[in-house]
Each structure stands twice: as structure tokens, then as C-alpha cells.
Number of protein chains: 2
Amino acid sequence: MARTVAERSDVLPLLAEVFREHGYEGASLSLISKATGLGKGSLYHFFPGGKEEMAGAVLAEIDGWFEANVFRPLREAEDPAAAVAAMFATVADYFRSGRRVCLVGALSLSDARDRFAGRLQDYFVRWVEALAEALGRAGHPSASAGMLAEETVGGIQGAVVLARALDRPEVFERILAGLRARCLARPANVPAQRAQPAGAA
Amino acid sequence: MARTVAERSDVLPLLAEVFREHGYEGASLSLISKATGLGKGSLYHFFPGGKEEMAGAVLAEIDGWFEANVFRPLREAEDPAAAVAAMFATVADYFRSGRRVCLVGALSLSDARDRFAGRLQDYFVRWVEALAEALGRAGHPSASAGMLAEETVGGIQGAVVLARALDRPEVFERILAGLRARCLARPANVPAQRAQPAGAA
DNA sequence: AGGTTCCTGTACCGATCGGTATTGTTCGTA
DNA sequence: TACGAACAATACCGATCGGTACAGGAACCT
């Protein structure tokens with residue numbers, strides 16, 4: 001028996017991909033075992049709570065990644081408009097232009113929603129709030145900033161659905177470009193917040 | 001043994017609800033049997049192709065419903081702006097303000113996508129095209145009409161995801177209201193196409 | 001009434017499910 | 001070199017999966 005000295009954190013990305021591709025119900029332990037190269041014994045060694053703990057760990061990692069790479073930059077960036085622009089690039093990359101499913105969104109539509117309700121809710125709440133704050137600091141009036149943030153986060157989720165259903169990744173890119181333009185359009189009432197000219201960081 | 005003389009078409013709505021609530025993988029035959037009140041024997045009498053045929057029949061019915069109540073009105077309405085406004089009302093009603101999942105969208109994110117790829121693609125293609133045509137006739141230039149149609153259909157899907165994840169139906173309503181406003185805003189270049197003043201049929 | 005068709009319920013099939021127990025194997029440590 | 005902890009692979013558990021076989025009752029025909 002080979003001993004690979006795997007760490008729990010090593011298998012998380014593989015695990016995540018299995019849940020993304022097959023959903024919670026569709027990801028059977030044999031599938032997970034094959035995808036991670038770990039036998040059931042090893043799997044249950046790392047995740048005594050079984051499948052639910054595996055999915056929970058994946059959600060936690062995803063949450064952490066978005067917190068570090070998306071939410072916090074939005075909240076803390078000196079140049080909020082640039083941070084918003086960066087968010088679109090980061091997200092498009094993360095979702096592989098719509099070829100890759102958003103696990104949080106997929107779980108929200110699935111049977112497993114109730115099981116992870118708190119986490120799912122939290123993820124989207126924090127995304128919307130972080131984006132709304134950045135939009136507000138970029139000059140959008142606070143009411144419309146919240147509304148625009150909701151529309152944008154929802155729009156990204158919808159773009160994943162549509163691009164996957166149509167099997168056309170360019171649909172994802174196109175929708176994100178539209179959302180980006182609306183987020184970066186100079187708000188009417190702010191004097192000189194420089195809008196990103198479609199090519200900045 | 002009671003004979004209920006059920007028709008195949010009678011069980012379709014119940015079947016649809018089971019698939020919506022539990023997804024394809026999550027909808028087990030025992031669950032389906034309980035929800036429809038039909039034993040496995042009856043189920044396989046009506047759907048010899050098993051679960052796949054059941055889901056296929058549900059998709060076909062949904063497709064037919066949208067064709068009759070959404071797509072065709074968009075294509076054939078005398079007043080395209082009114083048809084677009086009606087679409088939002090119809091859709092909000094159908095999705096129960098985001099409390100009810102879009103089965104086509106959910107399947108698109110799930111493992112079962114490949115199994116029904118053609119149907120899923122067709123549904124969204126026809127929705128986007130019908131809406132784009134109506135928007136075009138309402139005065140949007142053809143390029144932006146296609147783009148806006150894509151954004152709108154995707155936005156509706158995203159609104160379902162977001163509202164379900166947040167467990168707040170008003171998010172669905174709010175996003176749809178925003179999309180509606182953008183669709184009905186008087187296009188810059190058309191002379192006198194009357195924009196719906198947010199309250200008409 | 002007798003036969004036929006159409007449905008319905010149930011028992012049952014092999015396969016696979018999530019999960020556990022057990023046994024091996026490879027380490028760090030000393 | 002010996003030991004115990006950490007990791008890996010396998011066999012196996014009861015339950016449930018999707019699907020089949022079949023017997024039986026209701027409605028219809030003649």
C-alpha cells in the first residue's frame with residue numbers, strides 16, 4: 001500500500017471539483033475516492049463526519065478564498081473602482097469563463113441547500129455587502145449601490161447558469177462585461193471618480 | 001386496489017415539483033412514488049423509460065408552457081413593450097418570487113446536464129431570441145437588444161439563485177424590477193415607442 | 001356473465017449507496 | 001531496532017437505489 005502522506009488541505013481542491021461537477025447527491029463516495037486517489041478509509045480518516053463534512057470543508061475553503069481574493073479587496077482597496085474591475089477579472093478567471101460551476105450557487109438550487117443554509121447565505125451576503133461598499137465608495141449613492149451590487153452578484157450567478165446551459169463560454173464573458181460596465185460607469189453625482197477605461201488593473 | 005384512472009398528464013405537475021425540489025439525482029423513485037401517490041408499477045406503466053423519461057416529460061411540459069405563455073407572446077405581440085412587461089409578471093408568478101426553483105436552470109448546473117443538453121440549450125436559446133426580438137421591435141437597436149436579452153434571461157436565473165441562497169424572496173422581486181426597468185426604458189434612438197410607466201399590463 | 005384491457009400495488013432483483021471495521025504499510029522518534 | 005501514531009486499502013455492513021415481474025382489481029366490451 002502506497003503512503004502518499006497527503007494532507008487534508010491537499011485533497012480539498014480535488015474534492016471541490018468533484019462536488020462542482022456532480023453536485024452533492026451526485027458525488028458518490030466511489031467517485032470521490034477515484035477523483036482524490038484516496039480510499040474510503042483515508043477519506044474517513046480526514047473527514048470523520050463523512051460526505052457532509054467533506055462538502056462543509058470545501059465550502060469553507062471556497063469561502064476563505066473569496067474572502068481573501070474578492071471580498072476583502074473590495075472592502076479595503078484604496079481605489080474602489082479598480083477593486084471592482086479586479087473583481088470581474090478574478091471571478092471570470094475563477095469560473096473559467098462559465099465552464100466551471102459556482103458550487104455555492106449550485107448547492108443553493110439543490111436539495112442540499114437546507115443542510116448548508118447558513119454558509120450559503122453568509123457567502124452571498126458578504127459578497128453583496130462588500131461589493132456594495134466598494135460601489136458606494138466609488139461614488140454610487142448608497143441606495144443604488146446596494147441594488148447594483150445585488151444585481152451584479154445575481155447576474156454573475158445567472159451568467160454561469162446561462163453559459164453552461166448554452167454551452168457557450170462567450171455568453172459568460174459578454175454578460176460580465178456588461179455588468180462591469182454598469183458598475184464602473186461614472187455615477188451621475190460624483191465629481192471626479194475616475195472610471196476604469198476598460199483595460200486597467 | 002383502488003383505480004384512480006390517473007392520466008399521464010395529471011402526474012406531470014407533481015413530478016415536476018419533485019424534480020424541482022430534489023434535483024435529478026435527489027429525486028428517488030420512492031420519493032416520486034410518494035409525491036405522486038402512484039406505485040412504481042403505475043409509474044413505469046406511464047413512463048417505460050424510467051426516471052429519465054419522467055424528467056424528459058417534465059422538461060417537455062415546462063418547455064411547452066413557456067412557449068405558450070412567454071416565448072410566443074413575446075414574438076407575436078402587437079405591442080412588444082407590453083409583452084416584455086407581461087413577461088416579467090408571468091415569470092415572477094411562475095417562480096413564486098424566487099421561492100420556486102427553475103428546473104431548467106438547476107439541471108443546467110447539475111450532473112444531469114449532459115443527459116438533457118439539447119433540451120436545456122433549446123429552452124434558453126428560444127427565450128433569449130424571443131426576448132431579443134421583442135426588444136428589437138420595441139425600439140432597441142438589434143445589437144443591444146440581443147445583449148440585453150441575454151443579460152435579462154441570465155439575470156432572472158441569477159435572481160432565483162440569489163433569492164434562494166439568501167432565503168429572501170424580495171431580492172428576486174427587486175432584481176426583476178431592475179431588469180424590467182432596463183428593458184422598458186425608452187431606447188435613445190426610437191421616436192415614440194411608449195415605455196411602460198411601471199404599472200401597466 | 002365472461003373476457004379483455006388497462007391500470008395499480010407489491011415483492012423482489014442486482015447494484016450501489018454512505019459508512020465502519022479491520023488489517024497493512026510507512027513514518028517519526030529514540 | 002523497536003514502537004506507536006498516522007495514513008492507506010480492502011472487505012463488508014444495512015439501507016436504498018433504479019428497475020422488473022407479476023398478480024389482482026376496475027372498467028369496458030360483447
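Below, chain A is the first sequence line, B the second, and so on; all start at residue 1.
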How many Å lie between CG on A/L15 and P on C/dG18, as a whole number? 13 Å
Can you tell me how far the CE atom of B/M147 sits from the CG atom of B/L135, to the nearest 0.5 Å? 12.0 Å
Report yes or no: is there a donor-acceptor pair, N or O only, under 3.5 Å between the side chain of B/K40 and the base of D/dG19? yes
In this structure, how many angstroms lie between the P atom of D/dC22 and the CG atom of B/L43, rounded? 20 Å
Once you round it to whole Å, what is the distance between P of C/dG24 and CG of A/L38? 20 Å
Nearest 0.5 Å please: distance from the OH atom of A/Y24 over to the CG atom of A/D111. 10.5 Å
When you measure from the side chain of B/R137 to the backbone N and O of B/A132, does any donor-acceptor pair fall under 3.5 Å? no
Nearest-Å distance, CG (A/L29) to P (C/dG18)? 4 Å
Side-chain heavy atoms of A/R113 within contact of B/D167, under 4.5 Å: yes
Can you tell me how far C1' of C/dC7 sits from NE2 of B/H45, to the nearest Å? 6 Å
Would you say a side-chain N or O of B/S30 is under 4.0 Å from OP1 or OP2 of D/dT16? no
How long is the line joining CD of B/E53 and P of D/dG18, in whole Å? 16 Å
Taking the side chain of B/Y44 as its heavy atoms from C-beta onward, which of D/dA8, D/dC12, D/dT20 lies nearest to it? D/dT20
Checking all strands, does A/G41 fall into the base, sugar-phosphate, or nothing category for heavy-atom contacts under 4.0 angstrom? base
How many Å lie between NZ on B/K51 and P on D/dT20, as a whole number? 14 Å
DNA chain C nearest-nucleotide lookup for B/S42 and A/L31: closer to the 5′ end is B/S42
Under the side chain to side chain contact (heavy atoms under 4.5 Å, CB included) rule, collect the residues that match up with B/S28, sequence neighbours excluded. B/S30, B/L31
In whole angstrom, what separates A/I32's CD1 from C/dC17's P? 10 Å
Counting any heavy atom closer than 4.0 Å, what does A/G37 reach on the DNA or RNA strands: base, sugar-phosphate only, or nothing? sugar-phosphate
Classify the nucleic acid contact of B/S28 as base, sugar-phosphate or nothing, counting any heavy atom under 4.0 Å across all strands shown. sugar-phosphate
